[in-house]
Structures are given as structure tokens and as C-alpha cells.
Amino acid sequence: MQGKALPGFRDFYPEDLSLRNHIFATWRSVAGRYGFEEYDGPPLEALDLYTKKSGDEIVQQLYSFRDKGDREVALRPEMTPTLARMVAARVQALRKPIRWFSIPQLFRYERQQRGRLREHFQLNMDIIGEAGPLADAELMAAAVDIMRAFGLGPGDVQLRISDRRVIKSLLLGRGVTEAQLGTAFAVIDRSERVPKNALEEMLRESGVGSRESEAVFDVAGLRGVDALKAAGEVAEPLTQAVDALKEMGLGEFVSVDMTIVRGLAYYTGIVFELFDAQKKLRAIAGGGRYDGLLDQPALGFGMGDVVLGELLKERDVAPKASIELGAFLIAVGGDDLPTVLQLAHALRERGIAVEYGLRQAGVRKQLELASARGAARAVIVGPEERSAGLAVVRDLRTSTEAKVPLRQLLNGYFD
RNA sequence: GUGGCUGUAGCUCAAUUGGUUAGAGCGCCGGACUGUGGCUCCGGAGGUUGCGGGUUCAAUCCCCGUCAGCCACCCCA
């Protein structure tokens with residue numbers, strides 16, 4: 001063992017990078033379909049960009065240090081502060097609503113676990129400058145369509161939606177005070193993972209009475225649009241967003257679920273998370289509306305490559321081969337090599353992926369190699385056919401072969 | 001950062017109560033196979049048993065430390 005990557009950091013072998021590229025390509029494709037433009041910023045930022053704009057939770061896990069110019073810097077843990085700066089600098093010139101996406105590599109200094117490393121790539125999609133619920137629906141539809149583009153259906157992933165305004169209103173209506181809201185949200189967030197008695201203890205310590213405590217659990221248990229009737233008007237945006245998703249034909253993916261509140265403090269409205277339907281993995285994506293962060297109404301979500309990659313492998317929808325060879329050329333003897341080299345280059349000039357054996361070997365050996373490399377066909381150049389201006393084209397999948405004029409092969413035609 | 005579990009070949013795993021030279025399958029390389037792949041058979045390479053220390057005549061096995069991975073907490077980009 002000659003050492004390995006730092007804990008929480010990854011080496012991407014060809015098969016790993018092939019998956020990553022597939023993920024990125026799918027992200028870009030769907031984002032493009034929704035009219036989002038790609039942007040990027042620096043991976044290293046001034047430390048205070050985060051200490052000022054991010055919550056405590058993020059700041060504690062910053063990958064930060066002092067650089068050689070004696071500046072306090074940090075590897076970016078999230079994209080939103082960078083986005084905020086970029087938008088703010090040109091806010092007057094940019095036509096609203098802004099639809100932007102980015103695929104930054106993000107960092108955090110924290111002990112790693114499955115699905116959670118010190119570094120990951122995360123698709124960020126944001127809409128800035130639109131307060132209406134159709135913007136929320138648009139963003140959630142994009143997240144769902146990304147799943148569909150990967151070949152996943154409603155049996156594989158579910159989008160769970162909630163609205164902080166609704167939860168807040170319901171809690172206040174049942175006697176929870178403003179001051180107790182923070183604890184109540186934290187309890188709701190954990191209601192599926194932490195035993196109830198521990199949560200009751202948390203509430204008691206914050207001075208929440210037993211009747212109000214019951215209310216917290218009642219709210220956390222609310223499911224479906226009908227369950228929101230009690231909230232009245234505040235539930236209107238959430239209802240509209242869900243209706244819009246249904247009209248797009250994505251209703252099967254969507255469930256209203258009041259346990260979704262999101263950890264970060266800056267969310268102000270509709271929030272959502274994308275889960276694998278079996279709930280074996282961590283959340284695939286999460287986001288929501290954060291109207292208070294910029295001077296503009298804004299919303300966005302993040303989707304990391306780690307959990308998503310695990311899910312794709314688990315559901316067997318990850319791509320297999322990273323290269324697709326059009327042909328593998330075989331020189332039967334040393335005298336055939338010049339023709340093979342000529343042919344290889346001519347085919348490559350025409351954009352066809354071509355390989356040939358880099359050292360002399362028997363035809364059997366070379367065919368094995370061709371097969372192992374995943375070539376669609378082998379072109380066998382031997383003295384007999386060559387003297388007649390021909391070569392053997394062998395289809396490696398059907399094991400059929402035919403003699404084809406070299407002149408034709410040089411022009412890129414295999415039959 | 002806290003606690004628990006686990007570290008043997010590239011991968012998945014063996015190795016008697018502590019006992020000789022740490023094995024197997026898959027993968028990799030070569031051969032059977034000198035102009036026709038996937039199969040089969042044969043051979044080969046590959047290990048400081050994560051690392052360091054301790055106990056012992058003897059440690060993959062027991063003890064301590066450390067590092068790494070997994071799980072839970074914290075938190076959830």
C-alpha cells in the first residue's frame with residue numbers, strides 16, 4: 001500500500017469517472033431543458049463570506065486555513081453565498097427571474113460516513129426574483145425530471161414537500177410560542193429518526209407544555225394536501241405548487257409531508273427533499289425557498305453526486321462502459337502493420353474510435369483484446385486478403401464476418 | 001468532536017484452543033492456441049495479516065496505542 005487519498009476524498013478510476021460524467025451530463029441536460037444557465041465561482045473564498053452568510057452549523061465544519069498571504073480562507077462548503085454575491089453585483093442588469101445552475105465541488109471538514117464525504121459535487125439550481133408558487137413547482141419538477149432522466153420512477157424516489165409557513169402557523173395556532181418554534185422545528189425534523197420519549201424530553205426542557213408537545217407531534221404527522229385544510233390561507237402556495245406538479249404529470253412522485261423542515265435556518269417557505277423510496281440512503285436532494293437571504297425572493301436546491309451515485313448503482317441504472325470502440329484493428333503479421341496504421345489513422349480522422357495491438361501477437365490474442373476492450377468489430381488485415389485489396393471485418397457481437405475492400409474501409413465504411 | 005464495531009492478495013473471504021513456508025475463488029499476466037474472441041485446462045505474479053509497541057518458546061489470533069473504514073450521535077453541504 002503506497003498511501004491513498006486523504007480521508008473523505010476520492011480517487012476517480014475510469015469506471016468511477018464514467019459514472020460521474022454520466023451524472024454531470026444528465027444534470028446539464030435537464031437543467032438546460034428547463035432554461036437554466038450554468039455559472040461557476042472560485043472553490044476557495046474568504047472565510048468571512050461564510051461566517052457572515054452561513055449558519056453556525058456550516059461554519060463549524062468549514063475546511064479553512066490561513067494562506068501564504070496571511071488571509072483567512074475556506075474551501076467553499078456551499079454555493080449559495082457565492083451565488084448571492086454574483087447576483088448582487090449585477091442585480092440591476094439581470095432580467096428576473098434568474099434561472100441559474102452550477103456544479104461546484106464543495107468541501108466540509110467532518111468525519112465521513114457512507115454517502116457523506118469531505119468533498120462532493122453538488123448540482124445547485126436556483127430561481128431568483130420570483131415569489132409565486134409556480135417557481136417552487138418549476139424547481140421541484142426539475143429535480144424530479146432529473147431522477148426520471150436517470151431512469152428512476154416513483155417506485156424508486158419520492159419528493160416530500162412541506163412549507164415552513166404552514167408548520168409555523170399550525171404550531172402557533174395550538175399554543176406553541178414564537179420562542180419555542182426553534183425547538184419544535186428541530187423535533188419535527190427528527191421525528192422519524194429519534195425515539196419519541198427523547199423528543200418529548202427536548203420539548204420539556206424548552207418549556208413546552210404537554211398539550212403543546214402533543215400538538216408538535218400531531219403536526220409532524222400530517223400527510224397529504226387534505227391535511228392542510230386546518231391551516232387555511234397559509235397553505236395556499238403549497239397547495240398550488242402541488243397542483244402544478246400534478247398537472248405536469250409528476251403527481252406520483254410527490255407527497256406532502258410535514259416532517260420535512262430542513263436543517264438550515266434560512267429557509268422561509270416551501271421546503272422539499274428527494275428520498276429513495278426505500279429510505280435506505282440519505283436524502284438525494286434538498287432545498288426550498290429562502291426569501292430573506294438576498295434582497296430578492298429566491299429558492300433553490302442542491303443534489304450531491306455521492307448518494308445519487310450509490311442509488312444509481314443500487315438500481316443498476318449506472319452506465320457500464322466508458323468507451324465505445326468502433327473497431328479494433330488486427331495485423332496478422334509484421335508486414336500487415338503499415339496497412340493497419342494507415343487504416344487506423346484514416347478511421348480516427350473520420351471520428352471513429354479505433355485501437356490496435358501495440359505489440360505483435362497472434363490473431364487469437366488480439367481478438368481477445370478486442371473483445372475485452374469492448375470493440376464492436378475487429379478488422380483483420382492479413383497477407384492473403386491484403387494482396388487482393390481486402391480485409392476481414394468481423395462483427396464481435398454476432399460473430400459474422402465479411403471481406404471488405406480496403407478502399408472502402410479507408411473511407412469509414414465497414415460493409 | 002463523542003461512542004461502538006471492523007481491518008488478511010486488486011475484489012470477496014478462509015486459516016483448529018496462539019503452533020511449521022498465511023490459502024481459495026474471481027480478476028490480472030503467460031501458455032496449450034503459429035490466421036479467428038467469449039469456453040476449458042495448465043502455469044505465474046501479487047501479502048511487512050493497516051501501522052507501532054507489548055505478552056509469549058511461538059501472534060493473523062491475546063493486550064495497549066495509532067491510523068483507516070463502517071455505524072450511531074453531532075450535523076446534514
Side-chain angles (χ1 to χ4, degrees), chain A residues 1-9 11 13 15 43 50 53-63 74-82 102-124 186 189-190 193-195 198 260-267 271 273 275 280-287 300-307 328 330-336 357 359-386 391-401 403:
Chain A
M1 194 72 70
Q2 297 169 319
K4 45 204 267 196
L6 287 168
F9 287 78
D11 289 327
Y13 287 85
E15 64 266 29
Y50 304 111
K53 296 227 173 188
S54 300
D56 278 348
E57 313 88 35
I58 284 179
V59 171
Q60 284 169 11
Q61 299 175 350
L62 277 175
Y63 220 113
L75 290 165
R76 60 185 173 197
E78 61 167 342
M79 200 58 178
T80 308
T82 302
S102 190
I103 306 180
Q105 188 175 22
L106 304 178
F107 305 86
R108 69 171 168 197
Y109 196 86
E110 202 226 2
R111 189 179 270 199
Q112 67 164 324
Q113 277 181 50
R114 186 182 186 205
R116 163 173 219 206
L117 309 171
R118 285 182 170 178
E119 148 273 322
H120 76 153
F121 292 90
Q122 188 190 61
L123 169 68
N124 274 247
D189 188 26
R190 277 161 235 208
R193 305 189 299 269
V194 180
I260 303 300
V261 299
R262 304 286 298 151
L264 294 180
Y266 55 61
Y267 289 109
V271 287
E273 291 188 0
F275 279 89
K280 279 168 64 187
L281 304 171
R282 295 167 185 283
I284 300 157
F301 76 84
M303 181 185 296
D305 71 313
V306 181
V307 176
F328 191 101
I330 293 173
V332 173
D335 292 344
D336 302 308
R359 65 174 162 173
Q360 205 155 3
V363 171
R364 174 188 296 272
K365 202 83 209 166
Q366 295 189 70
L367 274 170
E368 274 177 24
L369 188 53
S371 184
R373 297 293 289 163
R377 61 182 73 80
V379 176
I380 303 164
V381 178
E384 281 173 36
E385 293 85 359
R386 190 159 48 83
V392 175
V393 174
R394 180 178 178 84
D395 187 307
L396 292 173
R397 308 214 162 107
T398 61
S399 297
T400 55
E401 56 184 47
K403 290 181 182 171

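To find a chain, count down the sequence lines: A is the first, B the second, and so on, and within it residues start at 1. Everything quoted here is computed from the prediction, not taken from an experiment.
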| field | Nearest-nucleotide pick for A:Arg262, side chain only, options being B:C75, B:U36, B:A77 | value | B:A77
| query | Is atom CG of A:Asp395 surrounded by more than 12 heavy atoms (other residues, nucleotides or ligands) closer than 6.0 Å? | reply | yes
| said: Taking the nucleotide of RNA chain B with the nearest heavy atom to each, does A:Leu106 or A:Pro7 sit closer to the 5' end? | reply: A:Pro7
| query | What's the closest nucleotide to the A:Leu367 side chain, out of B:U36, B:C74, B:C76? | reply | B:U36
| Among B:G38, B:A72, B:U36, the one nearest A:Glu368 by side-chain distance | B:G38
| task | Would you indicate what A:Thr80 reaches in the nucleic acid, counting non-hydrogen atoms under 4.0 angstrom: base, sugar-phosphate, or nothing? | result | nothing
| said: Taking any heavy-atom pair under 4.0 Å as a contact, classify A:Ile380: base, sugar-phosphate, or nothing. | reply: base
| Is any N or O donor-acceptor pair between the side chain of A:Gln61 and the base of B:G1 shorter than 3.5 Å? | no
| message | To check you understand the geometry: which heavy-atom pair defines the closest contact between A:Ala370 and A:Leu396, and what is its length? | response | CB-CD1, 3.9 Å
| task | Check every strand shown and say whether A:Gly382 touches a base, only sugar-phosphate, or nothing at a heavy-atom separation below 4.0 Å. | result | base
| request: Please work out if A:Asp395 contacts a base, only the sugar-phosphate, or nothing of the nucleic acid, heavy-atom cut-off 4.0 Å. | output: base
| A:Arg190 or A:Arg114, whichever maps to the more 5' nucleotide of RNA chain B | A:Arg114
| task | Verify the contact: side-chain N or O of A:Arg364 to OP1 or OP2 of B:U36, cut-off strictly under 4.0 Å; return yes or no. | result | no
| query | Under 4.0 Å between a side-chain N/O of A:Gln113 and OP1 or OP2 of B:A72, yes or no? | reply | yes
| Side-chain donor/acceptor of A:Arg111 to base of B:G4, under 3.5 Å | no
| Within the structure shown, what part of the strands sits under 4.0 Å from A:Leu117 by heavy-atom distance: base, sugar-phosphate, or nothing? | base
| field | Residue matched to B:C13 through Watson-Crick or wobble contacts both under 3.5 angstrom | value | B:G23
| note | For B:G65, the nucleotide meeting Watson-Crick or G-U wobble distances (both under 3.5 Å) is B:C51
| message | As a test of reading the structure: which of B:G37, B:A77, B:C76 is closest to the side chain of A:Gln122, going by heavy atoms? | response | B:A77
| request: Provide the Watson-Crick or G-U wobble partner of B:U56, both distances under 3.5 Å; none if there is no partner. | output: none
| said: Which nucleotide wins on minimum distance to the side chain of A:Ser371, given the candidates B:A77, B:G37, B:U36? | reply: B:G37
| query | So what does A:Gln366 touch, heavy atoms closer than 4.0 Å: a base, only the sugar-phosphate, or nothing? | reply | nothing
| remark: Closest to the side chain of A:Arg394, out of B:G38, B:C29, B:U36, is B:U36
| query | For B:G3, what is the paired nucleotide under Watson-Crick or G-U wobble rules, both distances under 3.5 Å? | reply | B:C71
| said: Under 4.0 Å, heavy atoms only, any strand: does A:Gln360 hit a base, just the sugar-phosphate, or nothing? | reply: nothing
| If you look at every strand shown and take non-hydrogen atoms under 4.0 Å, does A:Gly287 touch a base, only sugar-phosphate, or nothing? | nothing
| Can you name the closest pair of heavy atoms from A:Val271 and A:Arg262 and give their distance? | CB-CG, 3.6 Å
| request: State which of B:U36, B:C76, B:A72 makes the closest approach to the side chain of A:Glu401. | output: B:U36
| remark: Any strand, both distances under 3.5 Å, Watson-Crick or G-U wobble: B:A32 pairs with B:U40
| Which base sits across from B:A45 as a Watson-Crick or G-U pair, both distances under 3.5 Å? | none
| task | Using whole Å, report how far CZ of A:Arg116 lies from C1' of B:A72. | result | 11 Å
| field | OH/A:Tyr109: more than 12 non-hydrogen atoms of other groups inside 6.0 Å | value | no
| request: Could you work out the separation of B:A77 and B:G3 based on their C1' atoms and round it to a whole Å? | output: 24 Å
